[in-house]
Amino acid sequence: MSAENTSPSPSAPAPSDFIRDIVAQHVAEQRYAKIVTRFPPEPNGYLHIGHAKSICLNFGIARENNGRCNLRFDDTNPVKEDVEYVDSITTDVKWLIDGWADHCLGFKAKGTHPAATPFNGKPDFYLPPVADAKSPDAEAFFASDYFEPLYLYAVELIKRGKAYVCDLTPKETDEYRGAPDKPGKESPYRNRSIAENLDLFQRMRAGEFPDGARTLRAKIDMASPNVWLRDPLLYRIRHVDHHHAGSGWCIYPLYDYAHCLSDYLEGITHSICTLEFDVHRALYDWILEALDLPRPLPHQYEFAKLNLAYTLVSKRKLLKLVEEKIVTAWDDPRMPTISGLRRRGIPAPALREFVTSVGVTKFDSLTEAAVFENVVRNYLNGAAQRRLAVLKPVKIVLTNIPAGEEVACEAVNNPQDEQPTTRRIALTREVFIESDDFAEVPPPKYFRLKPGGEVRLKYACIIKLDEIVKDASGAISELRCTADLTTRKGEPNADKKVKGTIHWVSATKCVEAEVRLYDRLFTVPEPAAEEDFLKVVNPKSLEVVTAKLEPSLAGATLADRFQFERLGYFALDPKESQPGKPVFNRTITLKDTWAK
RNA sequence: UGCCUGGUGGUGUAAUGGUAGCACAGCAGAUUCUGACUCUGCUUGUCUAGGUUCGAGUCCUAGCCGGGCAGCCA
């Protein structure tokens, strides 16, 4: 990959969008010493394909500008969060950016916290220098590591008369807020003295009050047309331990308060989020300005999140699919989670290519599934080794080949390679072909095997169907054919043309494997728009078969990507495949323009 | 009937006052030892109405339509 090529794959042009335009302008005017972005997931679920878009945007901007992108857990709500998710998210991010933007990944030394350090004569907090993300002593950033500075900033806000402790109940707070088209009402606790606020806030931290009894609120404007400016809550009381911060706290900051200050502490320059946070930007700016902080302030930019046809990207709904056992787990290969896509066999560069190709705008769009499928096929077409496999076998007996004889054939590993390599496969008396590749009563324009018809066995020779043998129940037990060995490569009739070429495996030299065939999880393009998305789950999203594979597939490794010729792209299941007992997942089918 | 934001072929996206382009999808054909890939051709678009301008997808005004926002979630 050339140094100036900033795209997710070596061949595509460097991406350009309205956010990158803004960053480019800031770089041109040297507004910041270094471009620093962040990816701030809440550890309350697994990352999905929508997050992949955000990851590629944030890390992409970092790598294109010799900057950095911090992985920061936005873990301010201990009630919903868990270390299980911290681990899965870290794994997923690293997997997605590996070999592309891993050198931009901002991590810190394990266990470190910001230290109080004056800056330009003002009190401020400094983070330790970033650590090598590949070191075992490094970890991601955590908003919960900033609880102490955040608390001190809140005290400062109180001292400046810009925050107060409010005793309204949750219900009252709601009523006082008013409605979008109706101004709110000021809290009766709004004008407490600074001394009283300081005392109360300190006692909130000390644990003197029960959950929900008091909050810390910003003093802004209860009549603002933007409801997020109507004295928003900054802190709430929660007497629970925190998965990362431990047991030291019973007050926890809310998103709006924690996020902008976390960005500030980390020296983030461009804080990129999705459209629904647009109305929060005024609050983001208000908090930072109210504190009169000494260093350059971060700014928030919003883009439209990814919507993909036939898929859901709501953590709540994805969790429901797991809980209802509609899928086996968060990383079920049918899930749009990053771990599910990985398990399905989608290569990280293909995922990056896709989420980059849809672009970055403020337009709420719905991307067709075909776009994703095209990118995956395109990538795999170049990357996958061709192999022969039969999913639903029908036995063929080549009556003119003696039992025990092996006819050596040469198969191409990948015709897309500039210098394709080959391997040997053996044609034997008995072989399996795909049941779809035979029709006793063929439809019009059927190119495959039919009574009295000829077809080529790929890499081998042309065969002619002589006889259909059925068992007592009328089911086909075998097809007796004659092989024309003179049509093999290198033989006199090698160039003989037949309409159909089909795949096959030797019945005596093959290996068996479980193969999982996946289809889309939902039957409608917009499952999220359904009143009950569980009612549009595709009942046929998974089919399991015992397939016959060419022997070389017994040596498949997790990193391998295969095209089972004429069927699709397949990869070993990293979770359930065992040595000697392989399990393959179908990543995606080949395009099929043959009318079914 | 509040605030924010957006509207370019079927879908997604580009054009930053100067030839509406690209990708995917679709259709037709060529090629093919994968009905894949590849190649060729075709269909289809600036929300509406005014205005500014030599010239408007782009700027202005009004309207229409869509999305988001009223958690002690993020």
Side-chain angles (χ1 to χ4, degrees), chain A residues 12-13 16-18 21 40-42 44 74-77 79-81 166 168-171 173-174 177-184 211-217 224-230 232-238 252 254-256 258-259 273-282 302 304 309 315 357-375 377-378 381-382 386 388 411-412 415-416 445-448 455-462 487-489 494-503 563-568 589-595:
Chain A
S16 165
D17 55 66
F18 79 100
D21 289 348
E42 183 189 15
N44 69 343
D74 217 343
D75 55 350
T76 57
N77 186 2
V79 178
K80 292 187 174 178
E81 299 157 4
C166 180
L168 252 27
T169 65
K171 191 164 176 285
T173 306
D174 216 33
R177 187 159 32 230
D181 55 347
K182 199 173 74 203
D211 287 4
R214 288 191 159 93
T215 58
L216 183 74
R217 302 178 68 174
S224 171
N226 181 343
V227 293
W228 289 100
L229 259 21
R230 321 243 262 226
L233 274 59
L234 270 21
Y235 272 88
R236 79 290 222 184
I237 300 170
R238 287 281 178 277
Y252 292 97
L254 279 110
Y255 166 84
D256 289 294
H259 203 90
C273 61
T274 47
L275 250 29
E276 68 267 29
F277 292 99
D278 186 309
V279 286
H280 294 242
R281 191 176 58 240
E302 309 87 18
K315 279 191 214 170
S357 73
V358 299
V360 179
T361 67
K362 301 186 91 149
F363 179 64
D364 189 33
S365 60
L366 179 64
T367 298
E368 289 179 340
V371 178
F372 176 66
E373 291 165 0
N374 175 65
V375 169
R377 287 189 184 111
N378 203 31
N381 183 40
R386 310 293 121 122
L388 297 183
V412 178
Q416 306 292 324
K445 287 194 178 174
Y446 187 79
F447 299 161
R448 287 106 93 159
V455 76
R456 178 178 285 278
L457 295 183
K458 180 133 193 182
Y459 304 126
C461 61
I462 292 171
T487 59
R488 286 183 299 155
K489 188 166 191 171
D495 293 333
K496 180 177 173 184
K497 303 291 180 196
V498 284
K499 265 300 207 183
T501 299
I502 63 175
H503 58 278
Q563 181 196 105
F564 291 174
E565 295 213 38
R566 303 208 310 129
L567 295 172
T589 61
L590 247 30
K591 199 195 277 182
D592 185 6
T593 51
W594 165 245

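Throughout, a chain's letter reflects where its sequence line sits, starting with A, and its residues are numbered from 1. No experiment lies behind these values; they were computed from the predicted model shown.
Under the rule for a side chain to side chain contact (heavy atoms under 4.5 Å, CB included), the partners of Asp256(A) that lie at least two apart in sequence or sit in another chain are Trp228(A), His280(A), Leu283(A). Remark: Thr274(A) pairs with Glu276(A) by the side-chain hydrogen bond (donor to acceptor under 3.5 Å, both in side chains) rule, at least two apart or across chains. Every side chain to side chain contact (heavy atoms under 4.5 Å, CB included) that Asn77(A) has, sequence neighbours left out, goes to Glu42(A), Val79(A), Lys80(A), Glu81(A), Arg236(A). Residues satisfying the ring-ring contact (aromatic ring centres under 6.0 Å, His included) criterion with Phe372(A), sequence neighbours excluded, are Phe354(A). The side chain to side chain contact (heavy atoms under 4.5 Å, CB included) test applied to Thr215(A) returns Cys166(A), Arg217(A), Leu233(A), not counting sequence neighbours. Considering only residues two or more places apart in sequence or on other chains, Arg214(A) meets the side-chain hydrogen bond (donor to acceptor under 3.5 Å, both in side chains) condition with Asp167(A). Here Arg456(A) pairs with nothing under the side-chain hydrogen bond (donor to acceptor under 3.5 Å, both in side chains) rule; sequence neighbours left out. Looking at residues two or more places apart in sequence or on another chain, you find no side-chain hydrogen bond (donor to acceptor under 3.5 Å, both in side chains) involving Asp211(A). In this view, His259(A) and Tyr255(A) satisfy the ring-ring contact (aromatic ring centres under 6.0 Å, His included) rule, not counting sequence neighbours.
G9(B) and U58(B): their P atoms are spaced 14 Å apart (whole Å). Taking atom P on both nucleotides, U11(B) is separated from G18(B) by 27 Å, rounded to a whole Å. Nucleotides C42(B) and G55(B) are separated by 31 Å at their C1' atoms, to the nearest Å. G12(B) and C59(B): their C1' atoms are spaced 26 Å apart (whole Å). Going from the P atom of U52(B) to that of A56(B) covers 11 Å, rounded to whole Å. Distance check on atom C1': G17(B) versus C54(B) gives 12 Å, rounded to whole Å. Rounded to whole Å, the P atom of C65(B) lies 49 Å from the corresponding atom of A30(B). Using P as the reference atom, G41(B) and U46(B) are 24 Å apart when rounded to the nearest Å.
Without hydrogens or angle criteria, Arg377(A) side chain to Thr589(A) main chain gives a donor-acceptor distance under 3.5 Å. In this structure, Ser224(A) contributes its side chain and Leu229(A) its backbone to no donor-acceptor pair below 3.5 Å. Under a 3.5 Å cut-off, the side chain of Asn226(A) and the backbone N or O of Val279(A) do form a donor-acceptor pair.
Taking CG of Asn374(A) as the start and CG of Asn381(A) as the end, the distance is 10.5 Å to the nearest 0.5 Å.
A syn base is found at G71(B): its glycosidic angle is within 90° of 0.
Residue-level contact check: Leu168(A) touches the bases, meaning some heavy atom is under 4.0 Å from a base atom. In this structure, Arg238(A) reaches the bases: a heavy-atom distance under 4.0 Å links it to at least one base atom across the strands shown. As judged by a 4.0 angstrom heavy-atom cut-off over every strand, Ile462(A) is placed among residues making no nucleic acid contact. As judged by a 4.0 angstrom heavy-atom cut-off over every strand, Thr215(A) is placed among the base-contacting residues. Across all strands, Phe277(A) comes closer than 4.0 Å to base atoms (heavy-atom distances).
For A74(B), one of the phosphate oxygens OP1 or OP2 lies less than 4.0 angstrom from a side-chain nitrogen or oxygen of Thr76(A).
Per the geometry, CD belonging to Glu302(A) stands 14 Å off P belonging to C69(B), to the nearest Å. The nearest whole Å value for the distance from the CG atom in Asp174(A) to the C1' atom in C69(B) is 14 Å. Rounded to whole angstrom, the span from the OH atom of Tyr235(A) across to the C1' atom of C72(B) amounts to 14 Å. Note: CZ (Phe18(A)) to C1' (U58(B)) measures 17 Å, nearest angstrom. In this structure, Asp21(A) places its CG atom 14 Å from C1' of U13(B), rounding to the nearest Å. Atom P of nucleotide C73(B) and atom NE2 of His280(A) are separated by 13 Å, given to the nearest angstrom. Atom CG of Leu366(A) is separated from atom C1' of G66(B) by 14 Å (rounded to the nearest Å). Atom CD of Glu373(A) and atom C1' of G26(B) are 15 Å apart (whole Å).
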Task: Letter per nucleotide, 5' to 3', of nucleotides 33-41 of chain B [B base touched, S only sugar-phosphate touched, - untouched; heavy atoms, 4.0 Å] - done: BBBBS----
Which atoms of nucleotides 1-10 of chain B (N or O only) lie under 3.5 Å from a protein N or O atom, and what are those distances?
from   : atom 1 : to        : atom 2 : distance (Å)
C4(B)  : O2'    : Asp278(A) : OD1    : 2.5
C4(B)  : O2'    : Asp278(A) : OD2    : 3.2
G10(B) : N2     : Glu368(A) : OE1    : 3.1

- [ ] Dot-bracket notation for RNA chain B is requested: 5' to 3', Watson-Crick or G-U wobble pairs only, both distances under 3.5 Å, with ( ), [ ], | and . as defined.
- [x] .((((((..((((....[..)))).(((((.......)))))....(((((..]....))))))))))).....
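Comparing U13(B), C72(B), A74(B) by their nearest atom to the side chain of Thr361(A) picks out U13(B). Nearest nucleotide to the Asn374(A) side chain, out of C24(B), A74(B), A70(B): C24(B).
Classification of Asp174(A) and Lys171(A) as a salt-bridged pair fails, no side-chain N sitting under 4.0 Å from a carboxylate O.
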